[in-house]
Amino acid sequence: GEDVEQSLFLSVREGDSSVINCTYTDSSSTYLYWYKQEPGAGLQLLTYIFSNMDMKQDQRLTVLLNKKDKHLSLRIADTQTGDSAIYFCAERRASGGSYIPTFGRGTSLIVHP
Amino acid sequence: DGGITQSPKYLFRKEGQNVTLSCEQNLNHDAMYWYRQDPGQGLRLIYYSQIVNDFQKGDIAEGYSVSREKKESFPLTVTSAQKNPTAFYLCASRSPGTGNTEAFFGQGTRLTVV
């Protein structure tokens, strides 16, 4: 199976909350990340969480981590049309003494009026 | 301004040709990565380099080659052996270490075979 799994699509109405879910497999991951990709562009870091935390809040973003179930979620409050993008969950996969950023397939968030 | 630059933004290749995608960073990062992005498949790792003059194959290295002669540069060559090269290619860099070190991405190169 894949290292990091996400659902492919999420559609929400403007002003509602969006919740994007992710599961990962490497239990030794110390940092987990959420990246955002606008159309035709590279990825930009949105937020991250350290593995000894359960929750992290950053303005409209809330990250929840369930380390027992290896489940990560990103909640976007008051979703706006500008939030429409692809969101990637990522972990740092240990490989031969180094770390490789490993990404899920990405969730396309569509925000409609 | 520090950052990571990919060029060109769009690239067209004829069947049987090799093409080279450029990636340059001035962030003083040791580690650099190449990913390929296809619709619905996310980012797949092609090659990575943790230090100058050293690089490792990723999950889909066949048909690609890289070099790392300078810390700032990590060019990717798509060879004629790559049977399905049309994709969006992303280069990234990060500072190695055990602390929180995010990956910084370039803006990508869209390669199309014509």
Side-chain angles (χ1 to χ4, degrees), chain A residues 1-10 20 22-26 28-53 56 58 63 65 85-108, chain B residues 3-10 21 23-25 27 29-51 54-61 87-112:
Chain A
E2 293 182 357
D3 294 309
V4 181
E5 293 192 3
Q6 308 176 233
S7 55
L8 292 183
F9 298 99
L10 177 64
I20 302 171
C22 167
T23 56
Y24 61 97
T25 57
D26 189 351
S28 65
S29 289
T30 49
Y31 289 93
L32 293 147
Y33 304 85
W34 283 103
Y35 286 82
K36 178 182 180 182
Q37 184 183 33
E38 306 271 3
L43 278 67
Q44 289 188 306
L45 180 71
L46 269 182
T47 187
Y48 69 93
I49 189 166
F50 186 50
S51 60
N52 69 350
M53 299 168 67
K56 180 179 180 181
D58 184 1
V63 179
L65 175 61
I86 302 176
Y87 291 81
F88 289 91
C89 172
E91 63 176 349
R92 291 192 325 182
R93 173 164 54 104
S95 176
S98 59
Y99 292 101
I100 309 298
T102 302
F103 296 83
R105 292 189 173 194
T107 299
S108 290
Chain B
I4 182 165
T5 303
Q6 291 185 241
S7 61
K9 188 168 176 65
Y10 299 96
L21 283 60
C23 179
E24 303 276 333
Q25 53 99 1
L27 299 165
H29 288 166
D30 287 309
M32 296 187 74
Y33 310 84
W34 274 105
Y35 294 90
R36 170 180 170 143
Q37 184 178 20
D38 296 282
Q41 294 205 44
L43 274 64
R44 292 184 290 169
L45 183 67
I46 304 172
Y47 268 98
Y48 64 100
S49 168
Q50 299 291 333
I51 198 167
D54 185 56
F55 49 82
Q56 306 295 328
K57 291 182 179 180
D59 301 316
I60 56 164
F88 191 53
Y89 291 86
L90 286 161
C91 179
S93 70
R94 63 182 280 272
S95 181
T98 56
N100 172 35
T101 51
E102 67 181 273
F104 289 81
F105 281 83
Q107 290 298 297
T109 292
R110 185 164 298 281
L111 173 63
T112 304

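Predicted, not measured: the structure shown is a model, and the values here were computed from it. Residue numbering restarts at 1 for every chain, and letters A, B, ... go by the order of the sequence lines. Side chains included, hydrogens not; waters and symmetry mates left out as well; all remaining heavy atoms used.
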| request: Please find out if less than 6.0 Å separates the ring center of A:Phe103 from that of B:Phe105. | output: yes
| query | When rounded to the nearest 0.5 angstrom, what is the spacing between CD1 in A:Ile86 and CG in B:Leu43? | reply | 9.5 Å
| field | Between OH on residue B:Tyr33 and OG1 on residue A:Thr102, distance to nearest 0.5 Å | value |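 Atom-to-atom, B:Tyr33:OH and A:Thr102:OG1 are 9.0 Å apart.
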Select one option (side chain, backbone, both, neither) describing which atoms of [X] are under 4.5 Å from chain A's heavy atoms.
X: B:Asp38; answer: neither
X: B:Gln37; answer: side chain
X: B:Tyr35; answer: side chain

Part of [X] lying under 4.5 Å from any heavy atom of chain B:
X: A:Leu43; answer: both
X: A:Phe9; answer: neither
X: A:Glu38; answer: neither

How about [X]: does its [atom1] atom have over 12 heavy atoms from other parts shown lying under 6.0 Å from it?
X: B:Tyr89; atom1: OH; answer: yes
X: B:Lys57; atom1: NZ; answer: no
X: B:Ile51; atom1: CD1; answer: no

| note | One option among B:Gln107, B:Gln41, B:Gln56, B:Arg110 has the most heavy-atom pairs under 4.5 Å with chain A, and it is B:Gln107
| query | Closest approach of B:Gln50 and A:Tyr99, non-hydrogen atoms and distance? | reply |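 Shortest heavy-atom separation between B:Gln50 and A:Tyr99 comes out as NE2-O, 3.9 Å.
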| task | Compare every heavy atom of B:Arg94 with every heavy atom of A:Pro101, then report the nearest pair and how far apart it is. | result | CG-CD, 3.8 Å
